[in-house]
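Worksheet for the structure shown next.
In the text below, chain A, chain B and the rest are named by the order of the sequence lines, each starting its count at 1.
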Number of protein chains: 2
Amino acid sequence: MFSRIDSRSPVPIYAQIADRVRVAVAAGELRGGDALPSVRALATSLRVNPATVVQAYRDLERDGIVEMRQGAGTFVSAMGAETRSRERTAAASRLVRQMLAEATRLGLTPADVRSALDRELPEEK
Amino acid sequence: MFSRIDSRSPVPIYAQIADRVRVAVAAGELRGGDALPSVRALATSLRVNPATVVQAYRDLERDGIVEMRQGAGTFVSAMGAETRSRERTAAASRLVRQMLAEATRLGLTPADVRSALDRELPEEK
DNA sequence: CCTAGTGTATCGGCACACCAATACACTTGC
DNA sequence: GCAAGTGTATTGGTGTGCCGATACACTAGG
(Lines give C-alpha, C1' and ligand atoms only; values in the text may rest on other atoms or scores of the structure.)
Protein backbone atom coordinates (compact mmCIF):
# COMPACT_ATOMS: atom_id res chain seq x y z
CA MET A 1 0.00 0.00 0.00
CA PHE A 2 2.90 2.33 0.66
CA SER A 3 5.07 0.87 -2.02
CA ARG A 4 5.84 4.02 -3.93
CA ILE A 5 7.48 6.68 -1.84
CA ASP A 6 9.86 8.98 -3.68
CA SER A 7 12.23 10.78 -1.33
CA ARG A 8 13.53 12.95 -4.18
CA SER A 9 10.09 14.20 -5.13
CA PRO A 10 9.32 17.88 -4.56
CA VAL A 11 6.20 16.83 -2.66
CA PRO A 12 7.31 16.07 0.89
CA ILE A 13 7.40 12.51 2.18
CA TYR A 14 4.83 13.14 4.90
CA ALA A 15 2.43 14.46 2.26
CA GLN A 16 2.95 11.40 0.10
CA ILE A 17 2.14 9.15 3.05
CA ALA A 18 -0.94 11.15 4.00
CA ASP A 19 -2.15 11.19 0.41
CA ARG A 20 -1.92 7.42 0.20
CA VAL A 21 -4.19 7.10 3.19
CA ARG A 22 -6.57 9.72 1.82
CA VAL A 23 -7.12 7.94 -1.47
CA ALA A 24 -7.32 4.56 0.26
CA VAL A 25 -10.09 5.91 2.49
CA ALA A 26 -11.81 7.64 -0.39
CA ALA A 27 -11.67 4.43 -2.44
CA GLY A 28 -13.10 2.36 0.41
CA GLU A 29 -9.98 0.23 0.84
CA LEU A 30 -9.83 1.47 4.41
CA ARG A 31 -12.97 1.73 6.49
CA GLY A 32 -13.84 3.25 9.83
CA GLY A 33 -12.05 1.49 12.69
CA ASP A 34 -9.34 -0.04 10.53
CA ALA A 35 -5.88 0.25 12.05
CA LEU A 36 -3.09 1.99 10.21
CA PRO A 37 0.49 0.75 10.42
CA SER A 38 2.18 1.92 13.58
CA VAL A 39 4.42 4.94 13.36
CA ARG A 40 7.56 2.86 13.88
CA ALA A 41 6.55 -0.02 11.67
CA LEU A 42 5.77 2.24 8.74
CA ALA A 43 8.86 4.32 9.36
CA THR A 44 11.25 1.38 9.26
CA SER A 45 9.35 -0.13 6.34
CA LEU A 46 9.79 3.08 4.35
CA ARG A 47 13.34 3.73 5.58
CA VAL A 48 12.09 7.00 6.99
CA ASN A 49 12.16 8.73 10.35
CA PRO A 50 9.24 8.07 12.73
CA ALA A 51 8.67 11.81 13.09
CA THR A 52 7.93 12.00 9.38
CA VAL A 53 5.19 9.42 9.68
CA VAL A 54 3.87 11.24 12.73
CA GLN A 55 3.55 14.45 10.74
CA ALA A 56 1.56 12.62 8.07
CA TYR A 57 -0.74 11.06 10.66
CA ARG A 58 -1.21 14.36 12.48
CA ASP A 59 -2.28 16.05 9.25
CA LEU A 60 -4.79 13.27 8.68
CA GLU A 61 -6.06 13.66 12.22
CA ARG A 62 -6.43 17.42 11.79
CA ASP A 63 -8.59 16.71 8.75
CA GLY A 64 -10.68 14.21 10.69
CA ILE A 65 -9.55 11.26 8.57
CA VAL A 66 -7.92 9.26 11.38
CA GLU A 67 -7.69 9.24 15.16
CA MET A 68 -4.43 8.72 17.04
CA ARG A 69 -4.78 7.02 20.41
CA GLN A 70 -1.67 7.12 22.52
CA GLY A 71 -0.43 3.67 23.42
CA ALA A 72 -3.02 2.03 21.21
CA GLY A 73 -2.43 3.03 17.62
CA THR A 74 -3.85 5.06 14.76
CA PHE A 75 -7.24 4.21 13.31
CA VAL A 76 -9.33 5.64 10.51
CA SER A 77 -12.22 7.48 12.09
CA ALA A 78 -15.73 6.27 11.59
CA MET A 79 -17.72 8.65 9.45
CA GLY A 80 -21.22 8.27 8.15
CA ALA A 81 -21.67 8.14 4.41
CA GLU A 82 -23.29 11.54 4.24
CA THR A 83 -20.63 13.06 6.48
CA ARG A 84 -17.95 11.70 4.18
CA SER A 85 -19.75 13.02 1.14
CA ARG A 86 -20.07 16.41 2.80
CA GLU A 87 -16.34 16.37 3.49
CA ARG A 88 -15.68 15.70 -0.16
CA THR A 89 -17.80 18.58 -1.39
CA ALA A 90 -16.27 20.89 1.19
CA ALA A 91 -12.75 19.94 0.13
CA ALA A 92 -13.67 20.45 -3.51
CA SER A 93 -15.12 23.86 -2.75
CA ARG A 94 -12.02 24.93 -0.87
CA LEU A 95 -9.90 23.85 -3.80
CA VAL A 96 -12.01 25.69 -6.35
CA ARG A 97 -12.21 28.86 -4.30
CA GLN A 98 -8.47 28.86 -3.88
CA MET A 99 -7.99 28.41 -7.61
CA LEU A 100 -10.42 31.22 -8.43
CA ALA A 101 -8.52 33.53 -6.11
CA GLU A 102 -5.28 32.62 -7.83
CA ALA A 103 -6.94 33.18 -11.20
CA THR A 104 -8.04 36.73 -10.39
CA ARG A 105 -4.58 37.27 -8.96
CA LEU A 106 -3.31 36.61 -12.49
CA GLY A 107 -5.92 38.79 -14.15
CA LEU A 108 -8.07 35.90 -15.34
CA THR A 109 -11.84 35.91 -15.18
CA PRO A 110 -14.08 33.13 -13.88
CA ALA A 111 -15.18 32.61 -17.47
CA ASP A 112 -11.58 31.85 -18.43
CA VAL A 113 -11.45 29.24 -15.69
CA ARG A 114 -14.72 27.66 -16.70
CA SER A 115 -13.74 27.29 -20.34
CA ALA A 116 -10.38 25.90 -19.29
CA LEU A 117 -12.09 23.27 -17.17
CA ASP A 118 -14.38 22.38 -20.07
CA ARG A 119 -11.28 22.03 -22.21
CA GLU A 120 -9.47 19.81 -19.70
CA LEU A 121 -12.48 17.60 -18.98
CA PRO A 122 -14.01 16.88 -22.36
CA GLU A 123 -15.60 13.58 -21.39
CA GLU A 124 -18.97 14.84 -20.22
CA LYS A 125 -22.03 12.68 -20.11
CA MET B 1 -0.40 51.58 -8.88
CA PHE B 2 1.84 49.82 -6.38
CA SER B 3 0.16 51.32 -3.38
CA ARG B 4 -0.69 48.14 -1.55
CA ILE B 5 2.32 45.97 -0.84
CA ASP B 6 2.11 43.87 2.30
CA SER B 7 5.51 42.74 3.52
CA ARG B 8 3.91 40.49 6.13
CA SER B 9 1.80 38.63 3.62
CA PRO B 10 2.60 34.96 3.00
CA VAL B 11 2.74 35.71 -0.74
CA PRO B 12 6.25 37.03 -1.42
CA ILE B 13 6.83 40.67 -2.24
CA TYR B 14 8.22 39.95 -5.69
CA ALA B 15 5.06 37.99 -6.51
CA GLN B 16 2.86 40.85 -5.33
CA ILE B 17 4.75 43.24 -7.58
CA ALA B 18 4.59 40.90 -10.59
CA ASP B 19 0.88 40.31 -10.04
CA ARG B 20 0.19 44.04 -10.06
CA VAL B 21 1.79 44.31 -13.45
CA ARG B 22 -0.04 41.24 -14.72
CA VAL B 23 -3.48 42.55 -13.88
CA ALA B 24 -2.58 46.04 -15.16
CA VAL B 25 -1.59 44.54 -18.49
CA ALA B 26 -4.62 42.25 -18.56
CA ALA B 27 -6.88 45.23 -17.82
CA GLY B 28 -5.32 47.35 -20.54
CA GLU B 29 -3.92 49.95 -18.14
CA LEU B 30 -0.48 49.12 -19.50
CA ARG B 31 0.04 48.63 -23.22
CA GLY B 32 2.90 47.35 -25.36
CA GLY B 33 5.90 49.68 -25.24
CA ASP B 34 4.91 51.34 -21.98
CA ALA B 35 7.79 51.75 -19.56
CA LEU B 36 7.65 50.27 -16.09
CA PRO B 37 9.18 52.05 -13.12
CA SER B 38 12.93 51.52 -12.92
CA VAL B 39 14.18 48.86 -10.58
CA ARG B 40 15.67 51.40 -8.22
CA ALA B 41 12.80 53.87 -8.37
CA LEU B 42 10.23 51.21 -7.55
CA ALA B 43 12.46 49.69 -4.89
CA THR B 44 12.92 52.95 -2.98
CA SER B 45 9.25 53.81 -3.48
CA LEU B 46 8.21 50.51 -1.90
CA ARG B 47 10.97 50.57 0.75
CA VAL B 48 12.20 47.31 -0.73
CA ASN B 49 15.48 45.98 -2.02
CA PRO B 50 16.24 46.41 -5.73
CA ALA B 51 16.91 42.70 -6.08
CA THR B 52 13.33 42.01 -5.04
CA VAL B 53 11.99 44.17 -7.85
CA VAL B 54 14.42 42.51 -10.22
CA GLN B 55 13.04 39.10 -9.33
CA ALA B 56 9.52 40.31 -10.06
CA TYR B 57 10.57 41.75 -13.40
CA ARG B 58 12.51 38.64 -14.35
CA ASP B 59 9.47 36.47 -13.69
CA LEU B 60 7.42 38.75 -15.91
CA GLU B 61 10.09 38.55 -18.60
CA ARG B 62 10.15 34.75 -18.39
CA ASP B 63 6.41 34.80 -19.00
CA GLY B 64 6.83 37.15 -21.95
CA ILE B 65 4.95 39.97 -20.26
CA VAL B 66 7.80 42.51 -20.26
CA GLU B 67 11.26 42.99 -21.76
CA MET B 68 14.24 44.21 -19.74
CA ARG B 69 16.78 46.21 -21.73
CA GLN B 70 20.01 46.84 -19.89
CA GLY B 71 20.80 50.49 -19.56
CA ALA B 72 17.43 51.46 -20.98
CA GLY B 73 14.68 50.16 -18.73
CA THR B 74 11.87 47.64 -18.54
CA PHE B 75 8.97 47.80 -20.98
CA VAL B 76 5.82 45.76 -21.44
CA SER B 77 6.28 43.68 -24.57
CA ALA B 78 4.07 44.22 -27.57
CA MET B 79 1.76 41.29 -28.12
CA GLY B 80 -0.97 40.90 -30.68
CA ALA B 81 -4.49 40.50 -29.41
CA GLU B 82 -4.68 36.84 -30.37
CA THR B 83 -1.31 36.14 -28.78
CA ARG B 84 -2.47 37.71 -25.55
CA SER B 85 -5.69 35.74 -25.65
CA ARG B 86 -3.72 32.55 -26.22
CA GLU B 87 -1.60 33.39 -23.20
CA ARG B 88 -4.72 33.76 -21.10
CA THR B 89 -6.12 30.41 -22.11
CA ALA B 90 -2.74 28.76 -21.54
CA ALA B 91 -2.49 30.24 -18.06
CA ALA B 92 -6.02 29.14 -17.26
CA SER B 93 -5.26 25.61 -18.45
CA ARG B 94 -2.12 25.44 -16.32
CA LEU B 95 -4.13 26.53 -13.31
CA VAL B 96 -6.90 24.02 -13.90
CA ARG B 97 -4.51 21.14 -14.55
CA GLN B 98 -2.67 21.93 -11.37
CA MET B 99 -5.91 21.99 -9.42
CA LEU B 100 -7.07 18.69 -10.91
CA ALA B 101 -3.78 17.09 -9.89
CA GLU B 102 -4.26 18.35 -6.37
CA ALA B 103 -7.83 17.08 -6.40
CA THR B 104 -6.85 13.52 -7.32
CA ARG B 105 -4.09 13.79 -4.73
CA LEU B 106 -6.89 14.25 -2.19
CA GLY B 107 -8.99 11.44 -3.57
CA LEU B 108 -11.48 13.70 -5.34
CA THR B 109 -12.81 12.97 -8.79
CA PRO B 110 -13.07 15.44 -11.69
CA ALA B 111 -16.82 15.27 -11.22
CA ASP B 112 -16.42 16.57 -7.66
CA VAL B 113 -14.41 19.48 -9.01
CA ARG B 114 -16.92 20.28 -11.72
CA SER B 115 -19.87 20.35 -9.37
CA ALA B 116 -17.87 22.48 -6.95
CA LEU B 117 -17.16 24.98 -9.71
CA ASP B 118 -20.84 25.04 -10.66
CA ARG B 119 -21.61 25.73 -7.02
CA GLU B 120 -19.07 28.55 -6.75
CA LEU B 121 -20.04 30.19 -10.05
CA PRO B 122 -23.83 30.14 -10.11
CA GLU B 123 -24.23 33.16 -12.36
CA GLU B 124 -24.06 31.47 -15.73
CA LYS B 125 -25.73 32.79 -18.82
C1' DC C 1 33.04 61.67 -24.36
C1' DC C 2 30.99 61.23 -19.96
C1' DT C 3 27.69 61.52 -16.63
C1' DA C 4 23.37 59.95 -14.85
C1' DG C 5 20.34 56.38 -14.98
C1' DT C 6 19.39 51.79 -16.21
C1' DG C 7 19.63 46.54 -15.66
C1' DT C 8 23.18 42.55 -14.01
C1' DA C 9 25.60 39.74 -10.90
C1' DT C 10 27.19 37.92 -6.58
C1' DC C 11 27.32 37.43 -1.81
C1' DG C 12 25.24 36.87 2.83
C1' DG C 13 21.77 36.61 6.35
C1' DC C 14 17.35 35.16 7.85
C1' DA C 15 13.35 32.32 8.30
C1' DC C 16 11.04 28.22 7.60
C1' DA C 17 9.88 23.61 5.81
C1' DC C 18 11.52 19.03 5.98
C1' DC C 19 13.29 15.34 8.34
C1' DA C 20 16.52 12.62 11.45
C1' DA C 21 17.62 11.42 16.39
C1' DT C 22 16.44 10.59 20.96
C1' DA C 23 14.10 10.37 25.20
C1' DC C 24 9.44 10.34 27.27
C1' DA C 25 4.39 8.89 28.39
C1' DC C 26 0.68 5.97 27.72
C1' DT C 27 -2.13 1.54 26.63
C1' DT C 28 -2.68 -3.15 25.91
C1' DG C 29 -2.17 -8.16 26.81
C1' DC C 30 -0.17 -11.66 29.25
C1' DG D 1 2.49 -5.78 37.45
C1' DC D 2 5.18 -5.44 33.60
C1' DA D 3 6.96 -5.91 29.22
C1' DA D 4 6.20 -4.83 24.55
C1' DG D 5 4.26 -1.80 21.55
C1' DT D 6 2.09 2.45 20.80
C1' DG D 7 1.86 7.72 20.23
C1' DT D 8 4.30 12.34 22.18
C1' DA D 9 7.65 15.80 22.69
C1' DT D 10 12.00 18.17 22.06
C1' DT D 11 16.16 19.13 19.73
C1' DG D 12 19.01 19.89 15.92
C1' DG D 13 20.78 19.56 11.07
C1' DT D 14 20.04 20.54 6.22
C1' DG D 15 18.28 22.65 2.38
C1' DT D 16 15.85 26.35 0.14
C1' DG D 17 13.13 30.45 -0.71
C1' DC D 18 13.09 35.30 0.26
C1' DC D 19 15.29 39.51 0.56
C1' DG D 20 18.97 43.02 1.79
C1' DA D 21 23.68 44.91 0.47
C1' DT D 22 27.09 46.01 -2.74
C1' DA D 23 29.75 46.29 -6.77
C1' DC D 24 29.63 45.77 -11.86
C1' DA D 25 28.15 46.55 -16.99
C1' DC D 26 25.57 48.81 -20.23
C1' DT D 27 22.73 52.69 -22.61
C1' DA D 28 20.98 57.01 -23.36
C1' DG D 29 21.33 62.36 -23.37
C1' DG D 30 23.81 66.35 -23.25
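- Scanning residues 9-20 of chain B for heavy-atom distances under 4.0 Å to DNA chain D yields Pro12(B), Ile13(B), Tyr14(B).
- Side-chain contact between Ile5(A) and Ile13(A): present, with at least one pair of heavy atoms (C-beta onward) separated by less than 4.5 Å.
- Separating the CZ atom of Phe75(B) from the C1' atom of dG5(C) is a distance of 12 Å, rounded to the nearest angstrom.
- Taking each heavy atom of Ser77(A) and Gly64(A) in turn, the nearest pair found is OG-O, 2.7 Å.
- Using a 4.5 Å heavy-atom cutoff, the side chains of Val96(A) and Arg119(B) are not in contact.
- Counting heavy atoms from C-beta on, the side chains of Tyr57(A) and Val39(A) come closer than 4.5 Å.
- Here the closest non-hydrogen pair linking Leu42(A) and Pro37(A) is CB-CB, 4.0 Å.
- Within a heavy-atom distance below 4.0 Å of DNA chain D, the residues of residues 62-72 of chain A found are Met68(A), Arg69(A), Gln70(A), Gly71(A), Ala72(A).
- If you check residues 45-56 of chain B against DNA chain C, the residues with a heavy atom closer than 4.0 Å are Val54(B), listed by number.
- Between Leu121(B) and Leu100(A) the shortest side-chain heavy-atom distance falls below 4.5 Å.
- Running 5' to 3' along DNA chain D, contacts with non-hydrogen atoms of chain A at under 4.0 Å begin and end at dG5(D) to dT8(D).
- Taking the charged nitrogens against the carboxylate oxygens, Arg58(B) and Asp63(B) have no contact shorter than 4.0 Å, which rules out a salt bridge.
- Between Arg69(A) and Thr74(A) there is no side-chain heavy-atom pair separated by less than 4.5 Å.
- Side-chain atoms of Asp118(A) and Arg114(B), non-hydrogen and from C-beta on, do get closer than 4.5 Å to each other.
- A heavy-atom distance below 4.5 Å is not found between the side chains of Asp6(A) and Val11(A).
- When all heavy atoms of Val113(A) and Ala103(A) are compared, the pair lying nearest together is CG2-CB, 3.7 Å.
- Taken residue by residue, residues 32-39 of chain A places heavy atoms nearer than 4.0 Å to DNA chain D at Ser38(A), Val39(A).
- Counting only residues at least two apart or on different chains, the salt bridge (charged side-chain N to carboxylate O under 4.0 Å, His left out) pairs with a member in residues 75-101 of chain B are Asp112(A)-Arg88(B), Glu120(A)-Arg97(B).
- In this structure, Glu29(B) and Val23(B) have side chains that are not in contact, with every pair of non-hydrogen atoms separated by 4.5 Å or more.
- Looking at Arg31(B) and Asp34(B), no side-chain N of the basic residue comes within less than 4.0 Å of a carboxylate O on the acidic one, giving no salt bridge.
- Per the geometry, CG belonging to Leu42(A) stands 12 Å off P belonging to dA20(C), to the nearest Å.
- A side-chain donor-acceptor contact under 3.5 Å links Glu61(B) to the backbone of Met68(B).
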